[in-house]
Amino acid sequence: MGKIVIISGPSGSGKTTVCKLLEKDLQVKKSVSVTTRLPRHGEKNGEAYHFVSATEFKEMIRRGELAEYAEYCGCYYGTPVTALKEALTEDVFYILEIDVQGALQIMEKFPETISIFLLPPDKKTLGHRLIQRNANKEQDMALRLKIADKELEYRDRYSYCIVNDDLEVTVNTIRKILNLN
Ligand code: ADP
Ligand code: 5GP
């Protein structure tokens, strides 16, 4: 029986980086979300995300193909339900790297979900990490930092909050939570 693990946190807190390291474990699988946002440099369709148009996304909602979805920063993001249900039949930790709005929907539908909120060491570091990633326009970055304040208000809804200061420590802490040796 698979277990759902949600990883949320402000943009730039390190979710993608942490998930990539966790995924090295054969017991860990990551959900590939659907989004209407444009691919960043190096992001491959079907790996980073399934990139779709707004019309296709709305069709997926209408057909009940998403376990949850949310609007973030002017784009839509959602979790494909078929892959999630399939993962629940396997002996894996199925990671959903999703925002707070989506996380609340999943927690309600699947109360046994393990939920982890990643925090940046401080706001200045968060800003630096977003600049370092260099994937967002300045305007988009300001909006992401503004959304971060709202997202932080929801951290108490999660089973665990981890400050992502040292990457190795963060990954090892999550591996311990999941009982991965
Ligand atoms: P998110 O997926 O939460 O938006 P990313 O994983 O893309 O964040 O990380 C944002 C930037 O911060 C990337 O350039 C990444 O390499 C860097 N980063 C992530 N975790 C750490 C860490 N613990 N220490 C220093 N830099 C980090
Ligand atoms: P980004 O554009 O930086 O890849 O992601 C923006 C935000 O959308 C992040 O908080 C990320 O966790 C969230 N996100 C990614 N996929 C999904 C999803 O399937 N559902 C929801 N609700 N949020 C998602």
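Remember, it's 1-based here, ligands and their atoms both numbered in the order they're listed. Excluded from the calculations below are hydrogen atoms, water molecules and symmetry mates; all remaining heavy atoms, backbone and side chain alike, are included.
Considering all non-hydrogen atoms of both residues, S159 and T113 come closest at OG-O, 4.3 Å. In terms of heavy-atom proximity, K15 sits nearest to I7 at CD-O, 3.9 Å. Between G78 and L66, the closest heavy-atom pair is C-CD2, 4.1 Å. Between C19 and K30, the shortest heavy-atom contact is CB-CD, 3.8 Å.
For ligand 1, the polar-atom distance check against R133 finds a nitrogen or oxygen pair separated by under 3.5 Å. Not one N or O of V34 is nearer than 3.5 Å to an N or O of ligand 2, by distance alone. Between R40 and ligand 2, a contact under 3.5 Å exists for at least one N or O pair. Distances between N or O atoms of E43 and those of ligand 2 include no value under 3.5 Å. Residue contacts with ligand 2: Y77 is placed with a nitrogen or oxygen under 3.5 Å of a nitrogen or oxygen of the ligand (distance criterion only). Residue E68 has at least one N or O atom closer than 3.5 Å to an N or O atom of ligand 2.
If you check which protein heavy atom lies closest to atom 8 (O) of ligand 1, you get G14 N, 3.2 Å. Protein heavy atom nearest atom 11 (C) of ligand 1, with residue, atom name and distance: R129 O, 3.6 Å.
Between N164 and T170, the side chains place a donor N or O and an acceptor N or O closer than 3.5 Å (distance only, hydrogens not considered). No side-chain N or O of S13 forms a donor-acceptor pair with one of R129 less than 3.5 Å apart. For the residue pair E151 / S8, no side-chain donor-acceptor distance below 3.5 Å is found, with atom types taken as modelled. Q101 and D99 are linked by a side-chain donor-acceptor pair at a separation below 3.5 angstrom, with hydrogens and angles left out of the test. A donor atom on one side chain and an acceptor atom on the other are not found under 3.5 Å apart for S31 and T79.
Not a single heavy atom of Q105 sits closer than 4.0 Å to an atom of ligand 2.
For E168, the CD atom sits in a loose shell: 12 or fewer heavy atoms of surrounding residues, nucleotides or ligands are nearer than 6.0 Å. The number of heavy-atom neighbours closer than 6.0 Å to CD of E108, taken from other residues, nucleotides and ligands shown, is 12 or below.
Of all atoms in ligand 2, numbered sequentially from 1 with element shown, those under 4.0 Å from a heavy atom of G78 are 18 (C), 19 (O), 20 (N). Within the listing of ligand 2, atoms 1 (P), 2 (O), 3 (O), 6 (C) sit less than 4.0 angstrom from a heavy atom of R144. Short contacts between ligand 1 and Q132, defined as distances under 4.0 Å to a heavy atom of the residue, involve ligand atoms 14 (O), 16 (O), 17 (C). Against a heavy-atom cut-off of under 4.0 Å, G102 is close to the following atoms of ligand 2: 22 (N). Close contacts of ligand 1 with K15, meaning ligand atoms under 4.0 Å from a residue heavy atom, involve 1 (P), 2 (O), 3 (O), 4 (O), 6 (O), 8 (O). Taking every heavy atom of A70 and a limit of under 4.0 angstrom, the matching atoms of ligand 2 come to 22 (N). Close contacts between ligand 2 and E97 involve ligand atoms 12 (O), 14 (N), 15 (C), 16 (N), 17 (C), 24 (C) [criterion: under 4.0 Å to a heavy atom]. The ligand atoms of ligand 1 that sit less than 4.0 angstrom from a heavy atom of N164 are 20 (N), 21 (C), 23 (N). Those atoms of ligand 2 that come under 4.0 Å of a heavy atom in R37, given as number and element, are 1 (P), 2 (O), 4 (O). Taking every non-hydrogen atom of S11 and a distance limit under 4.0 Å, the qualifying atoms of ligand 1 come out as 4 (O).
Under 4.0 Å from ligand 1, the heavy atoms of D165 that appear belong solely to its backbone. The residue Q101 has no part lying near ligand 2, judged by heavy-atom distances below 4.0 Å. With a 4.0 Å cut-off on non-hydrogen atoms, H50 does not touch ligand 2 at all.
Side-chain heavy-atom separations under 4.5 angstrom define the hydrophobic clusters, and the remaining members of the one that includes Y77 are Y49, F51, Y72, L143, I147.
Atom 2 (O) of ligand 1 has its nearest heavy-atom neighbour, among T17, I131, T16, in T16. For the residues G12, P10, G9, the heavy atom positioned nearest atom 1 (P) of ligand 1 is part of G12.
One hydrophobic cluster holds both V100 and L96 under the rule that ILVMFWY side chains link at heavy-atom gaps under 4.5 Å.
Screening residues 87-125 for ring-ring contact (aromatic ring centres under 6.0 Å, His included) gives F117-Y158 as the qualifying pairs, with residues at least two apart or on separate chains.
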